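See below for the structure under consideration.
Just so we're clear, the structure is a prediction, and the values are computed from it rather than from any experiment.
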Amino acid sequence: MICNNLYKLIGFSCQALNEQGSIARIATPFTFSDGDNFPVYVQSYDSKVHRFFDDGQTLLHFIGRGMKFKNGHQLRFLANIAEKHGASLNKNGVIEVFSSASLPEEAFSKFLACLMAVTEWEKENEAISANADSAAFVAEVSYALLENNPSGIFEKEPAYFGSSGKKHTLDFKLNGIGYIAIKPSQQAAAPAIYKLVDITNRNTNIDEEIVVVIDDRFDKNAAKNISQVFRSLSEVVNFSRIDIQKNAAHH
């Protein structure tokens with residue numbers, strides 16, 4: 001069976017998927033950025049050639065995360081990553097690496113390196129997307145508040161010093177009140193919490209008023225949970241409340 005031979009070479013266990021033992025899934029500790037396990041399969045042929053492949057599940061992983069692939073051009077990023085690491089993306093959307101029987105460990109290493117590079121691409125683009133979403137939400141909040149206070153004094157990215165001596169910036173200040181606008185996620189909340197704790201623990205900031213605005217439009221439960229974390233540090237306002245006030249001001 002293929003698993004008996006491969007374990008000695010690559011050090012990971014595998015499970016045969018057919019009676020002949022010629023196709024197996026390999027268990028590795030590696031995951032995509034959202035925690036999904038790497039899809040690692042191996043197939044052996046009569047000619048002693050080994051094929052390591054993902055059975056198209058890397059592509060399905062991205063589709064499951066909301067990406068749409070209407071043509072081959074949109075798959076180019078995946079094909080480029082595969083090619084760079086000695087693999088290929090076939091016409092069925094499967095990432096694969098072929099090797100002779102004498103070098104299966106080399107093919108396995110290339111395949112894993114390819115999936116790791118895919119994961120790095122995923123993380124980088126998640127960060128870009130998250131930053132864009134965050135910036136867009138800050139703009140929405142500031143616009144809504146300025147609609148309610150057209151003559152207000154607005155300052156972008158005001159600076160505050162924390163108890164650690166570190167300099168922090170908030171998203172903006174309006175009429176002397178500092179604002180932090182965040183999406184209801186742990187990734188967005190963590191740096192904001194650190195920033196607030198450091199600022200509020202400095203004696204010279206005792207009279208500073210800071211408001212956290214949370215986007216509650218799409219996931220009210222998540223917004224509620226994140227709000228509870230911030231309430232001991234500052235005033236918390238849901239964006240829907242500000243938006244309602246903005247709309248009311250137009251009527």
Side-chain angles (χ1 to χ4, degrees), residues 2-3 5-18 21-137 183 185-188 190-191:
I2 191 172
C3 288
N5 297 327
L6 279 179
Y7 182 76
K8 299 174 184 177
L9 294 171
I10 63 176
F12 293 105
S13 62
C14 68
Q15 180 181 5
L17 299 179
N18 62 356
S22 59
I23 300 177
R25 175 159 189 160
I26 299 173
T28 77
F30 306 112
T31 66
F32 292 114
S33 66
D34 66 347
D36 281 354
N37 292 320
F38 278 2
V40 185
Y41 297 87
V42 61
Q43 181 176 11
S44 64
Y45 297 90
D46 292 338
S47 60
K48 303 300 182 183
V49 171
H50 287 77
R51 174 195 180 217
F52 294 91
F53 64 104
D54 73 343
D55 200 31
Q57 290 181 25
T58 300
L59 185 57
L60 289 176
H61 165 78
F62 282 113
I63 292 173
R65 303 205 68 186
M67 292 183 69
K68 296 181 180 180
F69 303 99
K70 296 181 180 179
N71 53 57
H73 178 73
Q74 293 173 324
L75 287 172
R76 195 63 215 164
F77 81 96
L78 206 53
N80 287 340
I81 293 173
E83 184 177 347
K84 184 178 179 180
H85 292 84
S88 63
L89 181 71
N90 70 22
K91 64 180 181 180
N92 296 317
V94 175
I95 296 175
E96 58 188 7
V97 178
F98 288 88
S99 171
S100 66
S102 60
L103 294 172
E105 63 270 35
E106 181 181 337
F108 179 70
S109 295
K110 288 180 179 179
F111 184 78
L112 277 187
C114 175
L115 293 191
M116 288 177 181
V118 169
T119 303
E120 285 304 309
W121 181 94
E122 184 178 25
K123 289 178 179 178
E124 289 172 5
N125 282 270
E126 280 177 348
I128 293 170
S129 177
N131 289 337
D133 286 347
S134 177
F137 182 56
K183 292 284 188 174
S185 68
Q186 292 183 10
Q187 293 87 345

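How far CG of D55 is from CG of L60: 8.5 Å, rounded to the nearest 0.5 Å. The structure places CG of N18 at 5.0 Å from CD1 of I23, a figure rounded to the nearest 0.5 Å. To the nearest 0.5 Å, the span separating OG1 on T31 from CE on M116 amounts to 10.0 Å. If you take OG on S88 and CZ on F98, they are separated by 7.0 Å, rounding to the nearest 0.5 Å. Between the CZ atom in F32 and the OG1 atom in T58 there is a gap of 4.0 Å [rounded to 0.5 Å]. Between the CZ atom of F53 and the CG atom of N90 there is a distance of 10.5 Å, given to the nearest 0.5 Å.
When all heavy atoms of T119 and S33 are compared, the closest pair comes out as CG2-N, 3.7 Å. When all heavy atoms of F111 and D54 are compared, the pair lying nearest together is CZ-N, 3.6 Å. Among all heavy-atom pairs drawn from H85 and K110, the shortest one is O-CB, 3.5 Å. The nearest pair of heavy atoms linking A24 to A16 is CB-CA, 3.9 Å. A pairwise comparison of heavy atoms in C114 and I95 identifies SG-CG2, 3.9 Å as the closest pair. Minimum heavy-atom separation, A117 to I81: CB-CG2, 3.6 Å.
Side-chain N or O atoms of N92 include none that pairs as donor or acceptor with a backbone N or O of V94 at under 3.5 Å. Under the 3.5 Å distance criterion, the side-chain polar atoms of D34 are matched with a main-chain donor or acceptor of D36.
F52 and Y41 have their aromatic ring centers separated by at least 6.0 angstrom.
A donor atom on one side chain and an acceptor atom on the other are found under 3.5 Å apart for R51 and Q43.
Using cut-offs of 30° and 60° for the angle between ring planes, the F77 and F62 rings count as perpendicular.
Counting non-hydrogen atoms of other residues, nucleotides and ligands closer than 6.0 Å to CD of Q74 gives a total above 12.
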Derivation of the side chain to side chain contact (heavy atoms under 4.5 Å, CB included) call for F30 and L115: CA-CA 9 Å; F30 306 112; L115 293 191; over 6 Å; no
